[in-house]
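A short write-up of the structure that comes next.
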Amino acid sequence: MAPASSAARKSPVFGPKPTGSQRRTIGAAILVMGLTALLLQVLLTRELLVSFFGNELCIGLILVDWLLLMAAGTALAGRLLNRLGNLQAALVADQLLIAVLLPFQIYAARSVGGRTMFPGELIDPLSVLGLGALVLAPGCLLLGAQFAFGCQLVAGEDSARAAANVGYIYVLEAVGSIVGGLLFHFCLADHLQTVRIILLLSALNGLAAMLVAVGLLVRRRRLAVICLSIFVIMTVVCALSPIADSLERFTSMQRWPGYRLVTSRNTRYGNVAITEHNSQISVFHDGLLMFTSEDDLDNEELANVVLLQHPAPERVLIMGGGLGGLIGEVLKHHPRVVDYVELDRQAIKVIQRHLPNRLSRPLSDKRVSLIYADALTFLRTTDRQYDVIISNVGDPRTAVINRFYTRQAFQEAAGHLNRQGIFCVSLSYPQTHLSGPRRLLHASVWEALRQTYPQRLPLPDGRIYYLAAKQSNLLTTDAHLLTSRMVQRHIQTKYISPYFIHTVMVPFARQLLMQSLATVSQTPPNDDFCPVTYHYLLRLWLERFGGGALNIQLSFRCVLAVIVALMALCGLAGLYMWGRRDKPIWRWGIVGAIAATGVVEMSMELVVIFSFQVIAGSLFYQLGILIALYMGGLAAGGHLGRYMTTNKRRAAIILCATLVGLALSAALMPAVLLWLSGHRELASVVLGTAAAILGILGGLHFPTGVAVFALPGQPAQAGATLYASDLAGASVGALLVSTIIIPVAGLLQTCFLVSLISLAGLFLALPTLARCKQ
Amino acid sequence: MAKDELTRRQWLKRIALAGTGTAAVFGAASVIDRIGRTGVSPVSTIDGPEARPTDTLLGTAEAATTAHEAMYYEKLSGQRVKCQVCPNECVVGPGGRGVCGNKVNRDGRYYTLVYGRAAALNVDPVEKKPLFHFYPRSWALSVGTAGCPFTCKHCQNWEISQRLPEELERVGQVLNLPPQTLVSKAQSHNIPTIAYTYNEPISFYGYMHDTAKLARQKGVRSVMISNGYINREPMIEVCKYLDAVKIDLKGFSEEFYSQYCAGRLEPVLQTIKRVIALGKWLEIVYLVIPTVNDDPEMIRQAAEWVLRAGGPDVPLHFSRFTPAFRLKNLPPTPYDTLRQCRHIAMEVGLNYVYTGNMPGTDIASTYCPSCGEIVVKRNGFEVLGYHLKPNGACKFCGQKIAGVWA
Ligand code: SF4
Ligand SMILES: [Zn+2]
């Protein structure tokens, strides 16, 4: 690198002010950065979850990694700004590095699961955090650094405009991520595989580097352009040729050592991988085993346990999990109609192609209709009635799956049952005992069933099958009656026999189970707005790694106490800073306030997304739009904020007002959500508006914060520091809210808690107001 | 205030129910036994609006009785103790615990915390243990506690085996079943066998020992379902009171044992030889984990070793792995792998090789080694046909089939 002249070290790069075209070039680079960041985050998170484990905690940990590393990149680069002589060259180098490293990051994300650990072994949370950080570090640090470089390059010397210029970078980054998000949701997710997207992204970054080289570089411009063009051409060729497919395959194979990978495909909802080993086909969704071609026992058991309860099951609804043979088993009971609902059309198509004939045949039976929809949305919109509804979506390891185990979901199902109808939901269980978080988990589901159905019957065997009926005296444990139905229907099975039915109907295990559940009868029911069940499953997951010591019973009151204590601390800190407002300590108040905003923004974004899924369903495009609306709000707010930066006092007022606004909107949110649960059809509009408002408030805080925070001549450093603290706050919010606060406190009370956090941020920001008066 | 009241009410409820609880558990067991023998359907208990939570068996969880002194340990200097039950031979300082987590050193004496404290209890067919040559179609009262000397990554019962007793006690999950209660309940409800199983009976050695000893006096059989990780003396001692032993051969290399179980293979092999030498009925289970311990060469070596150690009549079960504990991201064992394993072991010369947890009568039935007819026909753990004379001889050719048949 060229030695920096002492002049360059002191003064901003373009002298007093970058020219219009220079600004546009940097702007374009930052747009690309925003887009790259979003796509890379979406893609790498997905890959890492497949490699690790797709529960809410892992999602949270990876998000934490991502945000903290971005923050670190920005903060580190912010510190280097004065030492780097040739910032333009640094930016070009940074972009080129990103472009080169992107494909390797995908490779790393895919090999981290299978090759680095014992095959098939779950990875503990600390390793998830550590390995995730290793994989994400190159991209995040470099992208974060770009933000700081961009700020410095556009800042200019005119300190009055500096904050506004830094705000410009913030806005463009947001716009870039909107473009990236929309691209992903509406185009890439359905049509291109990961490696191809990444190669195109590499090329795009190469192009952006070229643009910056042409527009800004003074020396070695030609060399840079030649090298970059070669790089861009090469990656484009790779991306558009079958090379991309080979790379896709090669990298995917890393996950399944010892198995033949039949296919691996990313659909909009996740990854489907099919492996083959000793003529057994295994299907994985997001790295988790969905089913194998040899699950006869489970399918026979589920089908018979449920359908024998009904004297004549004519209309059957299966929500999820039907491909491994369940439908074939259900058909043996001679129903007239079997509706099978699955969310992921692409995944089902891929799986169907590779299923052995024996398993794919029932799917083309004329009695069976495949319905591609979110099963709960389907139930809400259909007027079909059923004799039997089987919910078979797998254990509730995420908030999204948790929706199928709530009181509301059970009620929805009950609404579609005939008078004699039977509902079945099952949870895994270690066959002999129910202890620790697993018992609370079962109790929360049991309680939700209890509040919905007058008659329930738990049948513990390979799993616990919870049967429920709308009338009492429908369900039976009379093994004779059940086996006589089995004989009447001429059911041929490989495994399940009258003897088997007898052993399942033995009351012993059932009574022990009831006893066990009764010891935790105060457990709240799993509820859409208070989704406790997935939290218990998370704790169970943690216990596998010796997290038993962490097994403290958290309650809303504990969380509240912690947050109130935090508020009090912030209040005290605010008072202290107020008293010393002529000392530089007040600047920490701003950092804290911005971090609090980060927490609040991320938490509320999660609340909006969770609520949307609970109220409207897991709807891919709408979720994409929701996130775009939020980012759009952020960009608009950021842009608006730029006009309020010339006057420090005004900026400080706006900053405080933003926090008040956030506190108010968080406090209002519960009312909105409650109202919406009665007006589901308006969910998109209302929550979209809420997302946009949150975005605007979030956008406003950044440029105003920079304006207040910046020391003369150092707006870029200010931008870097505040951006980093914003991200750090967001990472804390992401982890705590999704894994603990929402499940323990519930969606509504979470809003209330978040509102308190905004107030804590306000306490930290107020001293600034006092200072700016002077 | 309110909180106090709540706990007090719960406490009262417990006392009131403590008496009825244990009885109710075994009321159920008697019903099971009836089905076991006659196929009569049980009286049902379904939860409905009429069923109050108090109708259940809450209350069997009484406060832990005073800790029971452990068997087989040596006192060392400085109030330390050395446990001699299993080859871990933990040396434990005052206040400390052994590897299995359920024994504690209190002032230089070693106590077990799980004596009479059942964390898991069930009644199921003896074929499920699996014991195929031991009183077919009979039922076993199966009991387990907290703790295990191993930490297998694929443990099916990790929620008790890898937990401390107090973690289970705290939530009221543990049943108070001292040896007398356990034996008398098995007796009064005609359950012929008690199985010490689930976590690892070696870790509740004293409880198993005393129960088996008492059971023997009362005419109830005892079977130990174990990983075989136990020292010579305690094994010889408990074998006096056992009727059959099932031992896991979890893999056939020291590497596997150390990587996946945190244990050693050699002591397990010693135990197997010892059980054979003592003339106890023994069946061996090899859990086949795909791509981990399913190498045909390893399977062959294991089968050859079994043949050398115990002759061709020791039953060997290849059972199917299902994802559990930390090994969650592997698929279950392919049927073909299990068939291959069975084929290899038969080729080696073992007479009774089975595969568990998969459908099919061919791979779960007992064939007469002399005439080749099916003498006990099974599908899974269900016995479909039985062609043995009361003395265990083949009805077709008279060949004696190894086992304890009646
Ligand atoms: S039985 Fe438990 S305490 Fe005794 S040596 Fe084995 S692991 Fe250690
Ligand atoms: Zn014969």
Side-chain angles (χ1 to χ4, degrees), chain A residues 53 118-122 257-259 275 277-280 282 287-289 292 294-297 430-436 438-439 450 454-458 472 475-480 494-495 497 499-500 502-503 505-512 514-516 518-521 544 548 551, chain B residues 24-25 28-29 31-32 35 39 41-49 53 56-58 60-61 119-125 142 144 153 156-160 163-164 167-168 171-173 198 259 290-292 323 325-332 334-337 357-360 379-380 382:
Chain A
F53 190 83
F118 294 114
E121 190 174 345
L122 293 182
Y259 288 82
T275 64
H277 183 57
N278 261 353
S279 65
Q280 179 193 60
S282 307
L288 297 178
L289 184 67
T292 75
E294 296 175 345
D295 294 347
D296 312 275
L297 178 54
Q431 304 215 7
T432 45
H433 46 84
L434 205 55
S435 52
R438 172 132 25 215
R439 174 154 33 157
R450 208 182 59 76
Q455 197 192 14
R456 285 92 43 200
L457 170 64
S472 12
L475 301 170
T476 177
T477 49
D478 180 346
H480 274 307
K494 288 185 181 168
Y495 212 93
S497 61
Y499 177 76
F500 192 101
H502 272 285
T503 61
M505 294 304 150
V506 159
F508 187 86
R510 195 161 61 244
Q511 292 192 339
L512 221 52
M514 292 307 298
Q515 170 193 3
S516 186
T519 57
V520 283
S521 56
R544 288 169 207 265
N551 200 353
Chain B
V25 172
V31 177
I32 301 162
I35 320 169
S41 84
V43 185
S44 67
T45 41
I46 304 181
D47 176 77
T56 64
L57 313 172
L58 181 80
T60 32
L121 187 70
N122 210 349
V123 181
D124 40 24
S142 308
K153 292 190 162 126
Q156 296 281 352
N157 287 311
W158 69 273
E159 286 166 62
I160 53 173
R163 280 208 176 99
L164 297 177
E167 286 178 326
L168 299 173
V171 291
Q173 173 68 8
Y198 297 138
Q259 278 190 353
T291 68
V292 173
F325 194 27
R326 298 220 203 153
L327 281 190
K328 282 290 270 184
N329 290 343
L330 279 181
Y335 293 159
D336 276 0
T337 307
N357 285 333
M358 63 177 275
N379 183 25
E382 180 179 5

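So you know, we letter chains A, B, ... as the sequences are listed, proteins then strands, and number each from 1. Note that this is a predicted model, so its numbers are computed, not measured. All heavy atoms count here, side chains included; hydrogens, waters and symmetry mates do not.
For A/Arg438, the side-chain hydrogen bond (donor to acceptor under 3.5 Å, both in side chains) partners at least two apart in sequence or on another chain are A/Ser428, B/Glu159. For A/Leu289, the side chain to side chain contact (heavy atoms under 4.5 Å, CB included) partners at least two apart in sequence or on another chain are A/Ser282, A/Phe284, A/Thr292, B/Pro323, B/Pro331, B/Pro332.
In this structure, the side chains of B/Thr337 and A/Gln280 stay at 4.5 Å or more apart for every pair of heavy atoms. The shortest side-chain heavy-atom distance between A/Phe508 and B/Asp124 does not fall under the 4.5 Å cut-off.
Of all non-hydrogen atoms in A/Leu512 and B/Leu121, the two that sit nearest each other are CD2-O, 3.1 Å. Of all the heavy atoms in A/Glu294 and B/Tyr335, the pair that sits closest is OE1-N, 2.7 Å. Between A/His433 and B/Ala120 the shortest heavy-atom distance is CD2-CB, 3.9 Å.
In this structure, CG on B/Asn379 lies 10.5 Å from CZ on A/Phe500, to the nearest 0.5 angstrom. Atom CG in B/Asn357 sits 5.0 Å away from atom OH in A/Tyr495 (nearest 0.5 Å). Atom CZ of A/Arg544 sits about 10.0 Å away from atom CZ of B/Arg326, to the nearest 0.5 Å. One distance of note links CZ of B/Phe325 with CG of A/Leu122; it measures 9.0 Å at 0.5 Å rounding.
Only the side chain of B/Tyr198 comes within contact range of chain A, with at least one heavy atom under 4.5 Å from a heavy atom of that chain. Heavy-atom distances place both the backbone and the side chain of B/Asn122 under 4.5 Å from chain A.
No other option in B/Asn157, B/Leu168, B/Leu164 has as many heavy-atom pairs under 4.5 Å with chain A as B/Asn157. When the candidates A/Leu297, A/Val520, A/Asp296 are compared by the number of heavy-atom contacts under 4.5 Å with chain B, A/Asp296 comes out ahead.
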